[in-house]
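Have a look at the structure below before the remarks.
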Protein chains: 2
Amino acid sequence: MSGSQLESLEKTLEKHIPPDELKEVRRILFGNDTKTLELPQSAVEAASERDFELQGCAFEAGREQLRQPQVVRVGLIQNAIVLPTDVPIVEQITALHRRVGEMVEVAAMCGVNIVCFQEAWTMPFAFCTREKVPWTEFAESAEEGPTTRFCQELAKKYNMVVVSPILERDEVHGSTLWNTAVVVSNSGAVLGKTRKNHIPRVGDFNESTYYMEGNTGHRVFQTQFGRIAVNICYGRHHPLNWFMYSMNGAEIIFNPSATVGELSEPMWPIEARNAAIANHCFTCAINRVGTEHFKNEFTSADGKKAHNDFGHFYGSSYVAAPDGSRSPGLSRTRDGLLVAELDLNLNRQISDKWSFKMTGRYDLYAQELTEAVQHDFKPNIVKE
Amino acid sequence: MSGSQLESLEKTLEKHIPPDELKEVRRILFGNDTKTLELPQSAVEAASERDFELQGCAFEAGREQLRQPQVVRVGLIQNAIVLPTDVPIVEQITALHRRVGEMVEVAAMCGVNIVCFQEAWTMPFAFCTREKVPWTEFAESAEEGPTTRFCQELAKKYNMVVVSPILERDEVHGSTLWNTAVVVSNSGAVLGKTRKNHIPRVGDFNESTYYMEGNTGHRVFQTQFGRIAVNICYGRHHPLNWFMYSMNGAEIIFNPSATVGELSEPMWPIEARNAAIANHCFTCAINRVGTEHFKNEFTSADGKKAHNDFGHFYGSSYVAAPDGSRSPGLSRTRDGLLVAELDLNLNRQISDKWSFKMTGRYDLYAQELTEAVQHDFKPNIVKE
């Protein structure tokens, strides 16, 4: 696929556009420049040895008189699966634990306080196959599964909040499956879980045959480093989803995803960034990389021949800020760790400046929406 | 201002990036390529003589078995004011009528069915001055004012729907002012009016001292060429505003605006486009161009010296489609007419593909939002 050949949009622009014009192009496309974050040489070397991209950037806020800066470092990890999809499941999971573990170690060297992994990070994104076997065996208990235990160890070892999106097996409720993010406190305790609110019915994202819409609402997690929420994958297309996390007080909303180029890539730089602007908060969009091959071929309801992969997951993970600025994207093709330093004071500063919440007229929308969801709703249409 | 020197983002990219890479850059930034729309030579020549940019593009939809294509041509007009802001008001209005009238004539040559002008198009954007005199004299009756009569003539003459955003004087309700768009049917009849729902409190957009939040809800206008709505300026920052127009059936949502570079330019390509994606509809973002000078200096509450202008209005009007694609932007510095041919069938096709409305869980949000607007709302926060 041609889409996998461009390493990164930002690098292509830098290569070709003269500096004076590049400055304007970057301002229009990406907003105020973010600062490059100096990272320890040991981390840079470790990333190079372990063959993943390491980028650092910083979003600054103005100084205030009464509040100290609220500086937090978030780490976004994007990665390809490690082993072929047809080796024993336990080997696949163990290899991913090892790979992501060594990336988290570098995040720790970089002073990361909160790390988030990609959606369903312990497995290939096998829902495209529509097979239940063996893929549902990747599901684990959110509270006591081996992956949560692994994350608890990381959290304690590095004093880091870990957001771990997995395929969940809920033994308490009929052994059902869910698409869930487990939030582990830097103390090592499981702070809680939050489930994917919107399940796609598009392309080969055949998830609606595996699990249902989440029933955990729009909870927000108070961590030592700030209030965070997790909007999983397809939920980024729903402005109301971001909005309701924000209404519950989220200062940073993570969006762990798995999405492919042909389908969604032009929407990718738009949606999480729009959410940061509209809700006066930070958003962190994370997408896996690489192409995953499956033993059994499958069709895609598009008239094309059966095939063995879902397409190219284009990475490009990034952080967006409430002032409209954003970090560079990670690579479209390589594993990567993006370390972003955020001053959470920026949220309220931009809210005081732009006032979208104050001017939001939410009572009007509560009323109009309540009417609009009625089955006999009459749209407000003016005719001649 | 350096921002006024870059003619257009798209042209800069084309100038410097080699064709093979440009194709990928354009796909990631702008989505599927739009087709260039062939426009009559007479129109091209007229635009050149009258010194404004003319661009044409077409968004195509798949063929269906039961529905014919629903092809409509929209025209977006962006322009600078014509006369200095200190000449008599009636001269300023007349000059703008003449200027926009000659642009509409070219739109008619191009087969435009629905034209939309920029926000408060009959006047300079004088709210930055905080003076009431003489600016409130620009206000007119939406139903019977000279500008509405002028638009009715255009509509009849060219068989064109005209969306005319003006400063409204409402004699029936205490002679109050409103920021209003008048929708004139291609028959020449006033179809109705719709008011700006969200009034900014940011920078020198001092509009909240001139008029209040609109009380016309989220009405949609059924025209011969499709169902349209008008989300005026600052309303584009509010995802719920776009959303509610869409829930009432809007197929095309116009966003007539007036906004300046230092403040909002990096948000401009994001918000209307996100709205088109999220709501499975077309959106049309229109911004004025140029720098407007005022006789009396004013301050901007930013610690800087008093000055006589609001900054550079950066034009860059564009059309966004539900599939994530978008038209090129008009110039950042020149008057312009963008003619876009839309096949409205694309809206339902993309809705059937991506299903954001079906998966929207609006009943959940109606309930959560109703709770969230209560003064004693308790956010859903999980603590250790």
Side-chain angles (χ1 to χ4, degrees), chain A residues 6 9 12 16-17 21 24-25 27-28 30-31 185 187 189 191-192 197-199 201-202 213 217-222 237-240 243-244 247-249 265-267 270-271 273-274 277-278 324 353-356 359-363 365-366 368-370 372-373 379-384, chain B residues 6 9 12 16-17 21 24-25 27-28 30-31 185 187 189 191-192 197-199 201-202 213 217-222 237-240 243-244 247-249 265-267 270-271 273-274 277-278 324 353-356 359-363 365-366 368-370 372-373 379-384:
Chain A
L6 193 76
L9 174 66
T12 299
H16 296 296
I17 300 178
E21 282 173 89
E24 271 295 277
V25 166
R27 182 183 68 82
I28 295 170
F30 307 130
S185 167
S187 72
L191 194 46
N197 276 327
H198 300 270
I199 310 297
R201 273 86 171 163
V202 55
E213 279 72 13
H218 293 86
R219 57 182 58 167
V220 165
F221 299 90
Q222 177 71 62
H237 305 298
H238 293 83
L240 281 161
F243 167 69
M244 202 51 71
M247 289 296 271
N248 280 307
E265 193 164 1
M267 302 176 176
I270 301 291
E271 293 165 316
R273 200 166 155 212
N274 190 75
I277 294 168
K353 175 181 176 186
W354 277 99
S355 302
F356 298 151
T359 60
R361 306 187 69 183
Y362 300 133
D363 50 350
Y365 291 101
E368 289 191 15
L369 186 52
T370 300
V373 295
N380 183 353
I381 298 180
V382 179
K383 293 180 179 140
E384 196 165 351
Chain B
L6 193 77
L9 173 66
T12 300
H16 296 296
I17 301 177
E21 282 174 89
E24 272 295 277
V25 166
R27 182 183 68 81
I28 295 170
F30 307 130
S185 167
S187 71
L191 193 46
N197 276 328
H198 300 269
I199 310 297
R201 273 85 170 164
V202 55
E213 279 72 14
H218 293 87
R219 56 183 58 167
V220 165
F221 299 91
Q222 177 70 62
H237 305 298
H238 292 83
L240 280 161
F243 167 70
M244 201 51 72
M247 289 297 271
N248 280 306
E265 194 163 1
M267 301 177 176
I270 302 291
E271 293 165 315
R273 199 165 157 213
N274 191 73
I277 294 168
K353 175 180 175 186
W354 276 99
S355 301
F356 298 152
T359 59
R361 306 188 69 184
Y362 301 133
D363 50 350
Y365 291 101
E368 289 191 15
L369 186 52
T370 300
V373 295
N380 183 353
I381 297 180
V382 179
K383 294 181 177 138
E384 196 164 352

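Throughout, protein chains are lettered first and strands after them, A, B, ... in sequence-line order, and every chain is numbered starting at 1.
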Is [Y] close to [X] at the side-chain level, that is, under 4.5 Å between some pair of heavy atoms?
X: A:Glu368; Y: B:Phe243; answer: no
X: B:Pro379; Y: A:Gln222; answer: no
X: B:Leu9; Y: A:Val25; answer: yes
X: B:His218; Y: A:Asn380; answer: no
X: B:Tyr362; Y: A:Leu240; answer: yes

Exercise for the section: Under 4.5 Å, counting heavy-atom pairs only, tell me which of A:Thr370, A:Asn248, A:Leu191 racks up the most with chain B. Expected result: A:Asn248
Exercise for the section: Under 4.5 Å, counting heavy-atom pairs only, tell me which of A:Lys383, A:His238, A:Lys353, A:Glu271 racks up the most with chain B. Expected result: A:His238
Minimal non-hydrogen separation, [X] against [Y], with atom names:
X: A:Thr359; Y: B:Ile199; result: CG2-O, 3.6 Å
X: A:His198; Y: B:Gly360; result: CE1-O, 3.3 Å
X: B:Gly324; Y: A:Pro266; result: O-CB, 4.4 Å
X: B:Ala366; Y: A:Leu369; result: N-CD2, 3.7 Å

Exercise for the section: Identify which part of A:Val220 has an atom lying under 4.5 Å from any heavy atom of chain B, answering side chain, backbone, both or neither. Expected result: both
Checking [X] against chain A: side chain, backbone, both or neither under 4.5 Å from a heavy atom?
X: B:Ile277; answer: side chain
X: B:Met247; answer: both
X: B:Val202; answer: both

Fill in the blank from the handout: CD of B:Glu384 to OG of A:Ser185, rounded to nearest 0.5 Å, is 3.5 Å
Completion exercise
Scored by heavy-atom pairs under 4.5 Å with chain A, the best of B:Ile381, B:Asn274, B:Thr12 is B:Asn274
Exercise for the section: For the pair A:Arg361 (side chain) and B:Asn197 (backbone), establish whether a donor and an acceptor sit closer than 3.5 Å, ignoring hydrogens and angles. Expected result: yes
Exercise for the section: Measure from the side-chain N and O atoms of B:Arg273 to the backbone N and O of A:Ile270, and report whether any donor-acceptor pair falls under 3.5 Å. Expected result: no
